[in-house]
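These numbers were taken from a predicted model, which means no experiment stands behind them. Residue numbers start from 1 in every chain, and the chains themselves are labelled A, B, ... in the order their sequence lines are given, proteins ahead of strands.
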Amino acid sequence: MENGLISVDRWTAGSQVYFLTHLHSDHTQGLTSGWARGPLFCSRLTAKLFPTRFPDFDLTLLRVLDIGVWNSVPLVSPSSGSRTVARVMAIDAHHCPGAVMFLFRGDFGCLLYTGDFRWETTGERAKMARAMLVNALNGRTVDNLHLDNTYCNPSYDFPPREVAAQEIVNLIASHPKHDVVIGIDSLGKEDLLLHIALSLGIKIWVWPERLQTMHILGFHDTFTTKTSLTRVRAVPRYSFSIETLEALNATRPTIGIMPSGLPWVVRPVKGDANLSGSHLTARYKKRQLSGSSTGVEKLHQYMYSVLYSDHSCFSEIQEFMELVQPTIVKGIVCSSACYVEPLYFFGRLCGVFSVDSHVQTKRRSERAADVEINKSAAESGVEAVRKKMRSRAYYAAGGVKVSRTSVLRRLSRGAKIMDNDSAD
DNA sequence: GCGATCAGCT
DNA sequence: CACAGCTGATCGC
């Protein structure tokens, strides 16, 4: 199969143009400061943040795409030499600063690559992104969808980030004498920290590199690297464990907060005979939907987990699927905890079932794609899917290639298996 | 010695 | 089992 002319979040040779959805490292694997394979399209904010990740990168290779505007990308077919033009629009993915999805139109039809995204139904930004996508689609549907399927399972249900953020504010306010540490990554969760700072009228400590990032993002007063100025500190998540929290409590009363779409549990450290040590492990746990239930869970004497996610929950993915009505869909996350081929749940919304995927066989580094824009290849891809769809075994499996054990595992976790499992 | 890749861990 | 990301070992240059 001919290499795609366009790569999204993929940095191997063979494409004429490259697109980056956002700067999280699992989307930049293979991208280095010395990279020079061709023009790299990204959002304005991602371009601004670029030097923080790739200090010596040749910035003249960057092509900024403004949000919500169609751009033309001229391409030359490597086989025939004929010229063609693809059009592309960047749309706010509401995932982390600079994150966008890319909507492509061309000979190959209409292709949407979501990157990582959060499709909330409330809030101004979410409504704007929705309106922008609806406007760009202009009544048409998406032929080919590459979907952030991180939480593509009905088991995953969490509130909008505004709600989760307020719960975190309440939690901090109910511990007025405590220091607070919050685990974050190198990009993302800024809105949460701003909400905390604004609501409580305080500054928030961050580590020096993170302060630089905050300044690039335009937050000049809220964050500080002076510990004496605040009791709330945002720390790198990897440096943050029950043990560090216990050590901190030897000096000052301190609580820890883990914002995440995955609930956490506390586990003893392997090989620790004394069982004194412990660490955090993400694990799916069925939550009670009682009225008193919130996204806040006390994991430990000092540690709280809060369901705050920069990825869409299941119902949001469902909303999104109903809007774009893709003909073909492929998950970009191939090894999440509960990987399910997206059409396992959404098959009835789509014209064709999913192209074959690598269920639970690929690592997360595979979250990227050559976008196949060769027309005949795209058509033969559709034909291949249709052919596969005609096979009895495929229908019998409900359109999903998963092992029996994996189905049982999902059942044992309480996931709802929809009743079109064997029918239709 | 340096970058790329991977194992291991959180 | 891990949202995303760190550290350290190893390998080829």
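- A centroid separation of less than 6.0 Å is found between the aromatic rings of A/Tyr304 and A/His175.
- Neither OP1 nor OP2 of B/dT10 sits under 4.0 Å from any side-chain N or O of A/Ser241.
- Distance OH (A/Tyr308) to C1' (C/dA4): 15 Å, rounded to an integer number of Å.
- The separation between A/Gln29 atom CD and B/dT5 atom C1' is 9 Å, rounded to whole Å.
- The CG-C1' distance, from A/Leu245 to B/dT10, rounds to 15 Å in whole Å.
- Across all strands, A/Ser239 comes closer than 4.0 Å to no nucleic acid atom at all (heavy-atom distances).
- Between A/Tyr238 atom OH and B/dG8 atom P the separation is 22 Å, expressed in whole Å.
- We find that NE2 of A/His27 is positioned 9 Å from C1' of C/dA4, with the value rounded to whole Å.
- Look at CZ on A/Arg53: it is 12 Å from P on C/dA4, rounded to the nearest Å.
- When the side-chain nitrogen and oxygen atoms of A/His24 are compared with OP1 and OP2 of C/dC6, none of them lie within a distance under 4.0 Å.
- Here the closest heavy-atom approach between residue A/Leu307 and residue A/Gly261 is recorded as CD2-O, 3.6 Å.
- Taking only side-chain nitrogens and oxygens, A/His311 comes nearer than 4.0 Å to OP1 or OP2 of C/dA4.
- Annotation: ring-ring contact (aromatic ring centres under 6.0 Å, His included) contacts of A/Phe102 (sequence neighbours excluded): A/Phe19.
- Among the protein residues, A/Ser309 comes within range of no part of the nucleic acid, since none of its heavy atoms lies under 4.0 Å from any strand.
- Remark: C1' of B/dC2 and CG of A/Asp56 are 14 Å apart, rounded to the nearest angstrom.
- For the pair A/Arg237 CZ and B/dT10 P, the interatomic distance rounds to 13 Å; values are reported in whole Å.
- Proximity of A/Ser186 to the phosphate of C/dG5: a side-chain N or O atom is located under 4.0 Å from OP1 or OP2.
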Under 3.5 Å, which donor-acceptor pairs link side chains of residues 49-57 of chain A to any protein atom two or more places apart or in another chain?
| unit_1 | atom_1 | unit_2 | atom_2 | d |
| --- | --- | --- | --- | --- |
| A/Thr52 | OG1 | A/Leu49 | O | 2.6 |
| A/Arg53 | NH1 | A/Leu23 | O | 3.1 |
| A/Arg53 | NH2 | A/Ser186 | OG | 3.0 |

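- The two atoms that bring A/Glu162 and A/Gly123 nearest to each other are OE2-CA, 4.2 Å, heavy atoms only.
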